[in-house]
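Every number for a ligand or one of its atoms is a count from 1 in the order of the listing.
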Amino acid sequence: MNPKRRPIIAGNWKMNMTATQARELASKLIPLVASVKDRDIVLGPPFTSIASVAETIKGTNISLAAQNLHWEDKGAFTGEISAEMLLDLNCRYVIIGHSERRQSFGETDETVNKKVKQSLKKGLLPILCVGETLAEREAGKLNDIISRQVTGGLKDIQASDMQKVVIAYEPVWAIGTGKTATPQQANEVHALIRQKVKALYSAGIADGLRIQYGGSVTPANVSTLMAMPDIDGALVGGASLKPESFAALVNFK
Ligand code: 13P
């Protein structure tokens, strides 16, 4: 953590939570985090639960993220969701290029980049996800993969838009496995991402960029992760599905 950057704790609910369950989770969470003022709290329900969460959290200190969007404004794209639809439900953020989407749904740096551009054009704040697989790490390709994903995801993004971008580093081998990257391992990659953004833009932009860590973050390990100088937040799957554990993450010391 660096006092210059506001921490951002986000829950990625993935394909969990019906609209009814989502409403219940959100209403239990509200009082548990109501006094938090110095960090951003974000919930990422599946599309079908966004409306019920939006209604529940109205007027609170919690904001909403979608888990995906389409890069076109509207039209014949069966099964897809537009930026305008998300904005209409009060979404503020959108998670883009999660490794599950890259691995199972054919997302590439090119489609990820189109989505980042579309979100910025429409006024949504992108959370751009990057991360290497275990095989890539073991083959010594960590730097190449991260550089490629950061450069590809941010292609043609103007410097003036960069303060709206959040990057999430999620090593694929740490997602849902209980294997967290050590705080040192995570910080090393965060520093690499910041270095890359400095080379692409400027030291000032790199300094202001918020980089979240994701992959088996729990109430037990969040504080040591957040104590690292280049870690500015967490993107949390499993531990975000219970109000008490997500609240504990938000309230990290
Ligand atoms: P887990 O916290 O369940 O490992 O998931 C991390 C993640 O993929 C968040 O986007």
### Message
I need the Arg210 CZ to Ile231 CD1 distance, nearest 0.5 Å.
### Response
15.0 Å

### The single option from Lys117, Glu110, Lys115 passing side-chain hydrogen bond (donor to acceptor under 3.5 Å, both in side chains) against Asn113
Lys117

### Summary
The single option from Arg101, Gln149, Arg102 that satisfies side-chain contact (heavy atoms from CB on, under 4.5 Å) with Val112 is Arg102

### Query
Looking at His98, which atoms of ligand 1 are within less than 4.0 Å of one of its heavy atoms?
7 (C), 8 (O), 9 (C), 10 (O)

### Query
Which of these passes side-chain contact (heavy atoms from CB on, under 4.5 Å) with Ile96: Val165, Leu69, Leu124, Asn68?
Leu69

### Message
As an exercise, identify every atom of ligand 1 less than 4.0 angstrom from a heavy atom of Ala174.
### Response
4 (O)

#### Entry: Nearest non-hydrogen protein atom, atom 7 (C) of ligand 1
Glu170 OE2, 3.2 Å

### Message
Are Tyr213 and Val189 packed together at the side-chain level, in the sense that at least one heavy-atom pair is separated by less than 4.5 angstrom?
### Response
no

### Task
Would you check whether Ser216 has a nitrogen or oxygen atom less than 3.5 angstrom from a nitrogen or oxygen atom of ligand 1?
yes

### Message
Out of Ala239, Gly237, Gly176, who is nearest to atom 4 (O) of ligand 1 when you count heavy atoms only?
### Response
Gly176

### Query
Quick check: does Gly238 get an N/O under 3.5 Å from an N/O on ligand 1?
yes

### Interfacing atoms of ligand 1 (cut-off 4.0 Å, heavy-atom, Gly215)
4 (O), 6 (C)

### Query
Within a radius of less than 6.0 Å around CD of Gln163, do more than 12 heavy atoms belonging to other residues, nucleotides or ligands occur?
yes

#### Entry: Asn12, any N or O under 3.5 Å of ligand 1 N or O
yes

#### Entry: Protein contact of atom 5 (O) of ligand 1 - nearest heavy atom, named by residue and atom, plus distance
Lys14 NZ, 3.2 Å

### Message
Just checking Glu188: does its CD atom have more than 12 heavy atoms from other residues, nucleotides or ligands closer to it than 6.0 angstrom?
### Response
no

